[in-house]
Amino acid sequence: MHPTLADDLRRLPELLQSARDVAAREVSGLDERPVAHIEEAPYPEPLPVEGSGAEGALARFTERWSPGFSGSAGPRYLGFVTGGATPASLAGDWLTSAYDQNVSGGAGSSAAALERETLGWLREMFGLSEAHGGAFVSGATVSNTVGLAIAREWLGERRGVSVSREGAGALGPVDVLSGSPHSSVAKALSVLGVGRDRLRPVPVLPGSREAVDVERLAAALDALGGRPAVVVANAGTVNTVDFDDLRAIAALKERYDFWLHVDAAFGGFAALSPAYAHLVEGLDAADSVCVDLHKWLNVPYDAAVQFTRRQDLQVRVFHNASAYLGLPTGDPDFLHLTPENSRRLRALPAWFSLMAYGRAGHREIVERNVALAQRLGERIGEVPQLRLLAPVRLNVVCFTLADEPGEERVRALAHAVAASGETFLTPTFYGGTHALRAAFSNWRTTEADVDRVFDAIRRHCADPRP
């Protein structure tokens, strides 16, 4: 007899205990787990006709699939900008699935109110005003898309059309200006029907900088002859964590008509530290803001937030006109604010972590990560075979090979380091040079981890064979 759903339900406590044992073993072993697995994954099997029950599925998973998972939640995974999961956020994430709330609206559950409380804490943490309404989304890409969708509606308002009703074609050509935009911005413009080619690059400051030259931005706005535009400012670029001068950009609104969207996916967390908060001064002047939480807040994937001053326009874009859902009110349900109707309670892991560790605990994570990035940067600067491409401004170390830093040799170094199991770095291209990035945003990372990462890089940099 094959186990049935009813059998699994009767044995649910035992099943959850088994899953708990696997999870506890994996999490406790993260420090020593190979950071990356570069071997080929198992070949797909056909769908079973008869199931094996939850215990059988767990056994098959741990035998066949879990050995090939990366240690991306661990302390030496430095690719992309990847946080871990604090103990409290992990507990919150488990409970999210247990309660299985659909946070599309507030009827019949307090879950939406918990999301609003969490948004209020985050708004305070990032120094935003009460005028900034917010909502949880899946990641920075969707957060940027929501912010730019509101900006698109604002442009329509300026031009006397409703894009949400008439379509992007009614708007005509749009000007989106930015110095070093993240690739998700172009993706968002494609999704929104604005077009990737409408993203106009503005020159950045000289000297290994990715921050926009505000004077050149002013000139680009002036050249529009009064046409309203969208400016995407960056609070933490991916290669060197450079910050646009948000105050100076916001001051341009006195002369020019534009929507200010700030991509603060991970750089927004600089607000937590008195030593780095000046980098995000002016964030409160933004019309829309993107912040990713599964990066430096260290909550499980997937979680991000978006904020805007014009929630009325947001509702105009995203409202769901259905009799059974009801019309938006002055305090609209979340289904009227994002692309999703059905919504996981992504706020609960963040609520748990903020309640458990507070502002001080998360400030400590930020400041420690920055200090660790500086430590790695200093050590790389002492190796003749390596070269820093930019100062370590916050939590990312951008470096390359001192000699012949071609794409094949740089990628060979990344592959060799990953194959060692010690760390994982992502390749990039910066200042006309192929390079590697080491991004620190995991709460577990220590000085000992940095030393292991450095030893692996130094060991393989002398002869990185393609």
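Since we're looking at a predicted model, the values are computed, not measured. All residue numbers refer to positions in the sequence shown, counting from 1.
Looking at residues two or more places apart in sequence or on another chain, you find a side chain to side chain donor-acceptor pair (under 3.5 Å) between E26 and R33. Scored by the ring-ring contact (aromatic ring centres under 6.0 Å, His included) test, F269 finds F126 as partners (sequence neighbours excluded).
In this structure a side-chain-to-backbone donor-acceptor pair under 3.5 Å is present from D263 to A265. Checked by atom type and distance alone, the side chain of H132 never pairs as donor or acceptor with a backbone atom of D287 at under 3.5 Å. Of the possible donor and acceptor atoms, one in the side chain of N298 sits under 3.5 Å from a partner among the backbone N and O of W443.
A 6.0 Å sphere centred on CZ of F61 holds more than 12 heavy atoms belonging to other residues, nucleotides or ligands.
Each of V241, N239, V397, L425 was evaluated against R437; a single residue qualifies, N239, per the side chain to side chain contact (heavy atoms under 4.5 Å, CB included) test. Among L177, V230, V176, the single residue meeting the side chain to side chain contact (heavy atoms under 4.5 Å, CB included) criterion with R200 is L177.
Inter-residue side-chain proximity for P332 and H319 is flagged as unmet; no heavy-atom pair is nearer than 4.5 Å.
Taking the ring axis of F334 as reference, the NZ or CZ atom of R116 stays within 45° of it and closer than 6.0 Å to the ring centre.
In the model, S70 has no side-chain atom that pairs as donor or acceptor with a side-chain atom of H37 under 3.5 Å.
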### Message
Between N369 and N442, is the side-chain contact (heavy atoms from CB on, under 4.5 Å) condition met? List the steps.
### Response
CA-CA 7 Å; N369 284 162; N442 191 298; 5.6 Å; no
